[in-house]
Amino acid sequence: MPIETVNDCLECNYIKETIAKIDKLQKEVVTVGENRCISCDTSLFNPANNTIPVALYCRCGNLFTGLTETAGTTTSFFRIESIRCGRFVTLRLLVQDGDTLTATLRTMVLDLDEVKGIQCFEPITVELCTSAITPQA
């Protein structure tokens with residue numbers, strides 16, 4: 001039997017598909033609360049975990065970062081919050097304190113057409129915002 005080749009690489013975007021999969025499965029864990037298997041390519045065995053932290057790399061090869069609440073500091077760890085139009089992802093910034101990642105109140109939107117790479121980390125549990133909070137001026 002001949003080996004089939006994949007000729008649709010111009011039509012697919014594995015990074016977008018991976019981010020969409022993580023988003024969908026994270027939401028299922030939050031809304032259903034059942035034991036779901038989620039991560040880039042491996043399983044999330046603990047149903048309490050609701051986040052797969054990711055780091056993203058821009059087309060230029062640089063690690064994508066966002067400004068945290070602490071003046072002058074940045075983070076490269078994010079939680080996928082939602083995807084719009086199959087192209088724009090809302091990311092919640094995660095800050096690192098020792099070995100622990102914590103969700104911040106800050107989010108940002110990234111154009112996935114500008115993303116060249118994604119790195120997924122071990123699933124964790126973060127407290128999610130359940131009510132609207134207005135930032136103080």
Side-chain angles (χ1 to χ4, degrees):
M1 270 181 139
I3 297 174
E4 291 184 35
T5 59
V6 178
N7 293 322
D8 63 346
C9 288
L10 296 176
E11 298 299 319
C12 69
N13 185 316
Y14 185 68
I15 292 171
K16 286 181 185 178
E17 290 174 16
T18 301
I19 288 174
K21 179 180 176 183
I22 292 171
D23 178 53
K24 178 181 182 267
L25 294 172
Q26 283 180 165
K27 287 177 179 166
E28 287 177 0
V29 168
V30 172
T31 58
V32 179
E34 295 178 7
N35 189 6
R36 301 281 186 195
C37 296
I38 60 174
S39 103
C40 278
D41 293 307
T42 59
S43 295
L44 173 65
F45 297 109
N46 183 346
N49 292 331
N50 62 6
T51 299
I52 298 168
V54 297
L56 302 166
Y57 294 85
C58 302
R59 283 185 179 259
C60 63
N62 292 337
L63 187 61
F64 182 73
T65 60
L67 292 173
T68 67
E69 286 101 350
T70 307
T73 62
T74 61
T75 185
S76 58
F77 297 105
F78 302 95
R79 179 185 196 281
I80 297 163
E81 292 287 311
S82 65
I83 300 171
R84 301 282 187 249
C85 304
R87 178 177 170 185
F88 301 99
V89 62
T90 300
L91 303 168
R92 178 157 313 277
L93 282 67
L94 303 173
V95 292
Q96 189 170 15
D97 182 17
D99 291 336
T100 305
L101 288 175
T102 306
T104 69
L105 297 177
R106 292 202 174 185
T107 60
M108 58 193 317
V109 177
L110 177 65
D111 182 345
L112 289 175
D113 285 346
E114 300 303 317
V115 175
K116 176 182 179 180
I118 181 172
Q119 182 177 5
C120 301
F121 298 93
E122 184 176 331
I124 61 171
T125 300
V126 297
E127 256 186 70
L128 302 174
C129 296
T130 55
S131 63
I133 299 175
T134 304
Q136 295 180 355

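Counting from 1, the numbers follow the sequence of the chain as shown.
Hydrophobic clustering keeps Ile124 apart from Val95 (ILVMFWY residues linked when any side-chain heavy atoms are closer than 4.5 Å, directly or through intermediates).
Atoms CZ and CG, on Phe77 and Leu63 in that order, are 8.0 Å from each other to the nearest 0.5 Å. Between the CD atom in Glu81 and the NZ atom in Lys27 there is a gap of 8.0 Å [rounded to 0.5 Å]. Atom OG1 of Thr65 and atom CG of Leu93 lie 9.0 Å apart (nearest 0.5 Å).
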Q: Please step through side-chain contact (heavy atoms from CB on, under 4.5 Å) for the pair Cys60 and Lys116, ending with a clear verdict.
A: CA-CA 8 Å; Cys60 63; Lys116 176 182 179 180; over 6 Å; no
Q: Take Leu67 and Thr75 through the side-chain contact (heavy atoms from CB on, under 4.5 Å) test and state the conclusion after the steps.
A: CA-CA 7 Å; Leu67 292 173; Thr75 185; over 6 Å; no
**Q.** Working for side-chain contact (heavy atoms from CB on, under 4.5 Å), residues Leu112 and Val115
**A.** CA-CA 5 Å; Leu112 289 175; Val115 175; 4.0 Å; yes
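Between the side chains of Thr73 and Thr68, a donor-acceptor pair is found at a separation under 3.5 Å. With no hydrogens or angles considered, a side-chain donor-acceptor pair links Thr51 and Arg79 at under 3.5 Å. Using modelled atom types and a 3.5 Å distance limit, the side chains of Asn50 and Thr125 yield no donor-acceptor pair.
Looking at every heavy atom in both residues, Ala20 comes nearest to Ile83 through CA-CD1, 3.3 Å. Summarising the geometry of Phe88 relative to Val109, their closest heavy-atom pair is CB-CG1, 4.0 Å, with the distance given to 0.1 Å. Looking at every heavy atom in both residues, Pro53 comes nearest to Leu94 through CB-CD1, 4.0 Å. Summarising the geometry of Ala103 relative to Val126, their closest heavy-atom pair is CB-CB, 4.1 Å, with the distance given to 0.1 Å. Nearest heavy atoms, Ile52 versus Cys120: CG2-CB, 4.1 Å. The two atoms that bring Leu105 and Glu69 nearest to each other are N-OE2, 3.0 Å, heavy atoms only.
The aromatic ring centres of Tyr57 and Phe64 sit 6.0 Å or more apart.
Arg92 places a side-chain N or O within donor-acceptor distance of the main-chain N or O of Thr104, the cut-off being under 3.5 Å. No donor-acceptor pair closer than 3.5 Å links the side chain of Gln26 to the backbone N or O of Glu28. Checked by atom type and distance alone, the side chain of Thr107 never pairs as donor or acceptor with a backbone atom of Leu91 at under 3.5 Å.
Remark: Lys16 engages Asp113 in a salt bridge, criterion side-chain N to carboxylate O under 4.0 Å.
Counting non-hydrogen atoms of neighbouring residues, nucleotides and ligands closer than 6.0 angstrom, the CG atom of Asp111 exceeds 12 such neighbours.
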